[in-house]
Protein chains: 2
Amino acid sequence: MNKIKVYRKYRGLTQIELAKQVGVARQTINLIENNKYNPSLSLCIALAKALESDLNTLFWEEIDNEGQNT
Amino acid sequence: MNKIKVYRKYRGLTQIELAKQVGVARQTINLIENNKYNPSLSLCIALAKALESDLNTLFWEEIDNEGQNT
DNA sequence: GATTTTTGTCAACTATATATGACATTTTTA
DNA sequence: TAAAAATGTCATATATAGTTGACAAAAATC
């Protein structure tokens, strides 16, 4: 399950409520949660703030650099 | 000076080289460095990787919550 | 199990990120 | 200090992010 969805549910918010908080349409939240696109940086930041999180937590896939040096 | 610019220079890259690495036009890099817009998440991620950094370091302004409770 | 709320999704539209080409200005290098 | 490279910026074009309205499916509540 998508991270935004997990964090939104953790905060007890509906898509409509989160959309309102960050100032976009509900469909936009829905598309992001279903990995159907590529939000703008400003929207990512608004989401991170609304979910009391940060960019790395929500949007950064840590590249695993360990175990490559053989 | 803008963070992208600082990190790019630290890596010894020109706008053209960075643009090529992340697959956008030079003007796009230039606009971002001059805070003239709002890149997409995928571009932010490409930039973070190209500059061997991460999203928080490059794009997150830490909100200062201390010193507000008086 | 019927009602209400929430979510997934479609189609059509608008706003804006990004591309391309060009040129002036600034900075670097010879 | 002249030439070359890098940067700032403009104007036009295109791709896509984000909107709006609507409806069906799924989940929650009564």
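Computed over heavy atoms, backbone and side chain alike; hydrogens, waters and symmetry mates excluded. Here is the naming used below: chain letters follow the sequence lines, and residue numbers restart at 1 for every chain.
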A:Ser40 side chain near B:Ser40 side chain, heavy-atom distance below 4.5 Å: no
Using rotation axes that map the C1' atoms of four end pairs onto the next four (five pairs an end), what angle separates the end axes of the helix from C:dG1-D:dC30 to C:dA30-D:dT1, to 10°? 60°
When rounded to the nearest 0.5 angstrom, what distance separates OG in B:Ser53 from CZ in B:Arg8? 14.5 Å
Between CD1 on residue A:Ile45 and CH2 on residue B:Trp60, distance to nearest 0.5 Å: 6.5 Å
Contact check, residues 8-20 of chain B vs DNA chain D, heavy-atom distance under 4.0 Å, returns B:Arg8, B:Thr14, B:Gln15
Beyond-backbone contact of B:Tyr37 with A:Leu41, side-chain heavy atoms, under 4.5 angstrom: no
In this structure, OG of A:Ser42 is separated from CG of A:Leu47 (nearest 0.5 Å) by 9.5 Å
Heavy-atom count around B:Tyr10 OH within 6.0 Å, excluding the residue itself: above 12? no
Using modelled atom types and a 3.5 Å cut-off, is there a donor and acceptor pairing between side-chain atoms of B:Lys3 and backbone atoms of B:Thr57? yes
Identify the 5'-most and 3'-most nucleotides of DNA chain D with at least one atom closer than 4.0 Å to a non-hydrogen atom of chain A. D:dA17 to D:dA22
Here the gap from B:Asn56 atom CG to A:Phe59 atom CZ, rounded to the nearest 0.5 Å, amounts to 11.0 Å
Which residues within residues 34-46 of chain B lie with some heavy atom under 4.0 Å of an atom in DNA chain C? B:Tyr37, B:Asn38, B:Pro39, B:Ser40, B:Leu43
Is there side-chain contact between B:Asn38 and B:Ile32, with at least one heavy-atom pair below 4.5 Å? no
First-last contacting nucleotides on DNA chain C - partner chain A, under 4.0 angstrom, heavy atom: C:dT7 to C:dC10
Spatial distance of atom CD (B:Glu61) from atom CG (A:Leu55) [nearest 0.5 Å]: 10.5 Å
Closest heavy-atom contact between B:Ala48 and B:Leu58? CA-CD1, 3.6 Å
Euclidean distance, B:Leu51 CG relative to B:Ile4 CD1, rounded to 0.5 Å: 6.0 Å
Could you go through residues 15-30 of chain A and list every donor-acceptor pair under 3.5 Å that involves a side-chain atom there, pairing it with any protein atom two or more places apart or in another chain?
unit_1  : atom_1 : unit_2  : atom_2 : d
A:Gln15 : NE2    : A:Asn30 : OD1    : 3.1
A:Gln15 : NE2    : A:Glu33 : OE1    : 3.1
A:Glu17 : OE1    : A:Thr14 : N      : 2.8
A:Asn30 : OD1    : A:Asn34 : ND2    : 3.2

